[in-house]
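Here the structure comes first, spelled out in structure tokens, and everything after it is commentary.
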Amino acid sequence: MNGLKGRRELKHAITKADCYLLRNNLQNFMKLDPHGHDGKYLIRSVYFDNFDNKILRQKTEGFYHRDKFRARLYDYDSDFINLEKKSKRDNLTYKQKCRLSAEEYERIRLGDIEWMSGDSRDLLRDLYIQMALFQIKPTTVVDYEREAFIYEYGNVRVTFDSNVKTSYRDTDFLNPELIVVDALDPDWVILEVKFDEFLPGIIKQLLSIIDTRKSSFSKYQLSRRYG
């Protein structure tokens, strides 16, 4: 992947009770993410797909090589938007990102994309090709609350994502009053564990004390259950 370093990701659906237990244990060994308030912040993403649900189908069918584009902001701050491309290659995940302005997102949402073909940002040119060839476009918005812990050894990041909501197919990403509905049972939390070459024994041991089940779904996949 052009010199990018791949990461490993584990995803589990856990109960809020297990989340509480695990969080209390993790905080004795891991640091809270310095971003946000007490390690917590709101994330809003808008995912790209096409009329044939190309991205959704690749995820559902378990393709080992797949790419997913999304735009993302934090705490509804439209002054700081990232365009991201998340790629899966066998068991490794790669991520590329670049800044995107609110005006640029709106142009993309409305189908004004020719300017992207000559942009200096590689990722925008890549997205332009995908939009032109496969007609992918902003498809749905997903909101959730994230609490994150970090561990220096192994570059480990453990996150708890709760209150996952979807906008159906409304892509008014920049509207803080966007109407959203639950995409995940409020009693469940998505636990994600990301690391480089290895998962340190102490973190593995902490994770083993709760009942987890590896999940193949993504938050985008959850949101698309509604259309």
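Side chains included, hydrogens not; waters and symmetry mates left out as well; all remaining heavy atoms used. Quick note: residue numbers are just sequence positions, from 1.
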Are more than 12 heavy atoms, taken from residues, nucleotides or ligands other than [X], located less than 6.0 Å from that residue's [atom1] atom?
X: His37; atom1: NE2; answer: no
X: Phe63; atom1: CZ; answer: yes
X: Ile179; atom1: CD1; answer: no

[X] side, atom [atom1]; [Y] side, atom [atom2] - distance, nearest 0.5 Å:
X: Glu103; Y: Ile81; atom1: CD; atom2: CD1; result: 11.0 Å
X: Asp77; Y: Leu42; atom1: CG; atom2: CG; result: 11.5 Å
X: Ile113; Y: Leu127; atom1: CD1; atom2: CG; result: 8.0 Å
X: Leu199; Y: Leu207; atom1: CG; atom2: CG; result: 6.5 Å
X: Ser117; Y: Trp115; atom1: OG; atom2: CH2; result: 10.0 Å
X: Leu56; Y: Ser223; atom1: CG; atom2: OG; result: 8.0 Å

Answer whether the closest heavy-atom distance between the side chains of [X] and [Y] falls below 4.5 Å.
X: Ile190; Y: Lys219; result: yes
X: Phe134; Y: Asp52; result: no
X: Lys85; Y: Lys95; result: no
X: Val164; Y: Asp182; result: no
X: Ile108; Y: Phe48; result: yes
X: Val156; Y: Ile150; result: no

Worked verdict on Tyr47 versus Thr139 for side-chain contact (heavy atoms from CB on, under 4.5 Å)
CA-CA 6 Å; Tyr47 291 88; Thr139 299; 5.6 Å; no
Test your reading of the model: is there a side-chain donor-acceptor pair from [X] to the backbone of [Y], 3.5 Å cut-off?
X: Thr60; Y: Arg57; result: no
X: Asn50; Y: Asn53; result: yes
X: Arg107; Y: Ala102; result: no
X: Asp170; Y: Asp172; result: yes
X: Asp38; Y: Lys40; result: no
X: Asp33; Y: His35; result: yes

Smallest separation among heavy atoms of [X] and [Y], with atom names:
X: Val141; Y: Phe173; answer: CG2-CA, 4.0 Å
X: Leu83; Y: Leu124; answer: CD2-CD2, 3.8 Å
X: Leu123; Y: Gln96; answer: CD2-O, 3.6 Å

Should [X] and [Y] be counted in the same cluster of Ile, Leu, Val, Met, Phe, Trp and Tyr side chains packed under 4.5 Å apart?
X: Leu32; Y: Leu206; value: yes
X: Val142; Y: Tyr76; value: no
X: Met116; Y: Leu133; value: yes
X: Met131; Y: Tyr220; value: no
X: Leu100; Y: Leu73; value: yes

Let me know which of Thr15, Asp18, Asn25 forms a side chain to side chain contact (heavy atoms under 4.5 Å, CB included) with Ile210.
Asp18
Could you go through Leu222 and Thr166, starting from their C-alpha distance and side-chain angles, then the distance that decides it, and tell me whether this counts as side-chain contact (heavy atoms from CB on, under 4.5 Å)?
CA-CA 9 Å; Leu222 280 173; Thr166 177; over 6 Å; no
SB check [X] [Y] (cutoff 4.0 Å):
X: Lys54; Y: Asp49; value: no
X: Lys88; Y: Glu9; value: no
X: Arg121; Y: Glu104; value: yes
X: Asp196; Y: Arg8; value: no
X: Asp161; Y: Arg146; value: yes

CA sep, side-chain torsions, deciding dist, call: Lys16, Asp187, salt bridge (Lys or Arg N to Asp or Glu O under 4.0 Å):
CA-CA 6 Å; Lys16 280 197 170 180; Asp187 290 330; 5.7 Å; no
In terms of side-chain heavy atoms, does [X] have a donor or acceptor partner in [Y] at a distance below 3.5 Å?
X: Glu145; Y: Asn163; result: yes
X: Arg7; Y: Thr93; result: no
X: Asn82; Y: Tyr74; result: no

Check the pair Asp143, Lys165 against salt bridge (Lys or Arg N to Asp or Glu O under 4.0 Å), reporting the backbone distance first and the verdict last.
CA-CA 5 Å; Asp143 285 352; Lys165 299 179 183 296; over 6 Å; no
Criterion side-chain contact (heavy atoms from CB on, under 4.5 Å) on Arg224 and Arg169, from CA distance to verdict:
CA-CA 9 Å; Arg224 291 300 308 279; Arg169 286 183 174 268; 2.6 Å; yes
Does any pair with a residue in residues 135-163 pass ring pair (Phe, Tyr, Trp, His ring centres under 6.0 Å), and if so which ones, sequence neighbours excluded?
Tyr151-Tyr153
Show your working on side-chain hydrogen bond (donor to acceptor under 3.5 Å, both in side chains) between Arg109 and Tyr105 and close with a plain yes or no.
CA-CA 6 Å; Arg109 183 168 81 99; Tyr105 171 74; 4.7 Å; no
side-chain hydrogen bond (donor to acceptor under 3.5 Å, both in side chains) evaluation trace for Ser45 with Arg72:
CA-CA 4 Å; Ser45 299; Arg72 172 168 287 187; 2.8 Å; yes
List the steps and the verdict of side-chain contact (heavy atoms from CB on, under 4.5 Å) for Thr140 and Thr171.
CA-CA 5 Å; Thr140 190; Thr171 59; 5.9 Å; no
How far apart are the C-alpha atoms of Lys59 and Glu61, what are their side-chain angles, what is the distance that settles it, and do they pass the salt bridge (Lys or Arg N to Asp or Glu O under 4.0 Å) test?
CA-CA 5 Å; Lys59 171 63 180 176; Glu61 295 172 13; over 6 Å; no
Identify which one of Arg70, Lys97, Lys68 satisfies the salt bridge (charged side-chain N to carboxylate O under 4.0 Å, His left out) criterion when paired with Glu84.
Arg70
In a check of side chain to side chain donor-acceptor pair (under 3.5 Å) between Asp67 and each of Arg89, Lys86, Gln58, Gln130, which one passes?
Arg89
